[in-house]
Amino acid sequence: MSRPAFRMLLDFDGTLVEPNVAIELVSEFVPDGKRIAREVDDLLHSGRISLREAWSRQVALLDPHRLDEMARWSVEHTPLRAGATELVTLLRRHAIPTTVVSGGLDFYIHPILRRHGFDLPVRSDRLEVNDGSFALLHPYGHPTCRLCGICKAAIAQPAPDEPLRSVFAGDGSTDRYAAEVADIVFARRRLRQYCDAAAIPYFPFEEFGPVTEKIAAWLEDREPLPPRRRLGVATSACPISQGWAARSGP
Ligand SMILES: [Mg+2]
Ligand SMILES: [Zn+2]
């Protein structure tokens, strides 16, 4: 087997799995949660609050004593996106380094992945219970960015001497920071709109079938892997992704 030419980064909520689990949890476990979750999501999407702010508002409403219950509920109520198993199987068969990169929370991501037999590294925010109350941690945050929880830009940004291209698949507004710097982007929903507006090239998807087909074509040399993307235009609000995009330009 030849050496992999790219690494794969998969968003979790709304990408690898169908729903946004955080929104589902607030809707299910908080009185009037549906309205509150939608409100926070709208504020986040329209850029009026940061992801950190959105999380702290939502986490404040959840009951720390029900963490295990919420994790079990998530496992039962979170379907994979159609074609996810085939995609992950293909990536594993070709030894493509694959990482789940999520602005969501570890306490539901890990059990959901386990349930489906996915043994994938995860970079996400973390929820801990200390003395009966929640502590929301951003272990993959950027030290100087107050906007993002996890810094998807830092993870998607190829290092100057990195031989692997970075391929990112996502759906949400906070995925724009990864899409701005990744070499190759698969996009659905809000990320697709953002890529259109920002002139970021992407492959659209809904189910994973076309993603798997495209990646198989690259791996089997039926189609050339797209070249490293030339950046230089920064359009997002995240100072980290802006900086990377502008610096990597022609
Ligand atoms: Mg998402
Ligand atoms: Zn940021």
Side-chain angles (χ1 to χ4, degrees), residues 8-27 37-38 40-45 47-56 58 74 78-84 87 98-106 108-109 112-113 118 120 122-125 136-157 167-182 185-195 198 202 204-208 211 231 234-248:
M8 187 81 203
L9 304 171
L10 292 165
D11 171 53
F12 188 77
D13 295 82
T15 299
L16 191 60
V17 297
E18 274 293 337
N20 183 314
V21 182
I23 290 178
E24 300 292 308
L25 282 172
V26 172
S27 302
R38 200 176 314 121
V40 171
D41 192 51
D42 286 344
L43 288 170
L44 174 65
H45 174 54
R48 277 172 289 164
I49 60 171
S50 67
L51 183 63
R52 289 189 187 203
E53 173 69 22
W55 266 131
S56 60
Q58 296 188 97
S74 307
T78 308
L80 292 176
R81 180 162 303 283
L87 173 62
T98 303
T99 305
V100 172
V101 182
S102 170
L105 300 174
D106 61 339
Y108 63 78
I109 296 173
I112 292 170
L113 291 176
F118 292 163
L120 296 170
V122 176
R123 298 197 196 173
S124 74
D125 281 353
L136 180 59
L137 308 175
H138 306 290
Y140 300 101
H142 193 282
T144 64
C145 179
R146 291 281 157 267
L147 181 74
C148 309
I150 181 172
C151 184
K152 293 195 181 189
I155 297 167
Q157 162 72 20
V167 181
F168 179 81
D171 74 302
S173 11
T174 60
D175 290 325
R176 62 182 60 174
Y177 313 125
E180 189 163 45
V181 297
V185 176
F186 290 95
R188 62 177 294 271
R189 214 176 61 106
R190 285 173 179 167
L191 184 61
R192 196 174 162 179
Q193 294 165 16
Y194 178 76
C195 289
Y202 66 93
F205 73 100
E206 270 310 314
E207 300 189 340
F208 274 125
V211 179
L231 304 172
T235 52
S236 84
C238 164
I240 307 307
S241 85
Q242 270 195 11
W244 281 118
R247 240 197 334 274
S248 317

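All figures in this text were calculated on a predicted structure; none of them were measured in a lab. Each residue takes its place number in the sequence, starting with 1. Order of listing sets the numbers, starting from 1, for every ligand and every atom in it.
The minimum heavy-atom distance linking Ile109 with Val122 is given by the pair CG2-CG1, 4.0 Å.
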May I have the step-by-step check of side-chain contact (heavy atoms from CB on, under 4.5 Å) for Ser27 and Ile23, ending in yes or no?
-> CA-CA 6 Å; Ser27 302; Ile23 290 178; 4.1 Å; yes
Show your working on side-chain contact (heavy atoms from CB on, under 4.5 Å) between Leu25 and Ser74 and close with a plain yes or no.
-> CA-CA 7 Å; Leu25 282 172; Ser74 307; 3.6 Å; yes
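Screening Arg81, Arg189, Arg176 for a salt bridge (charged side-chain N to carboxylate O under 4.0 Å, His left out) involving Asp171 leaves a single residue, Arg189. For the pairing with Tyr108, the side-chain contact (heavy atoms from CB on, under 4.5 Å) check across Val21, Thr78, Leu113 returns one residue only, Val21.
Under the 30°/60° scheme for interplanar angles, the aromatic rings of Phe186 and Phe205 are found to stand perpendicular.
Neighbouring protein atoms of the Mg ion (ligand 1) (N, O or S, distance under 2.8 Å, waters ignored): Asp11 OD2, Asp13 O, Asp171 OD1. Excluding waters, the set of protein N/O/S atoms under 2.8 Å from the Zn ion (ligand 2) reads Cys145 SG, Cys148 SG, Cys238 SG.
Between Lys152 and Asp11 a salt bridge is recorded (basic side-chain N to carboxylate O distance below 4.0 Å).
Applying the salt bridge (Lys or Arg N to Asp or Glu O under 4.0 Å) test to Arg123 and every residue at least two apart in sequence or in another chain returns nothing. Under the rule for a salt bridge (Lys or Arg N to Asp or Glu O under 4.0 Å), Glu207 has no partner lying at least two apart in sequence or in another chain.
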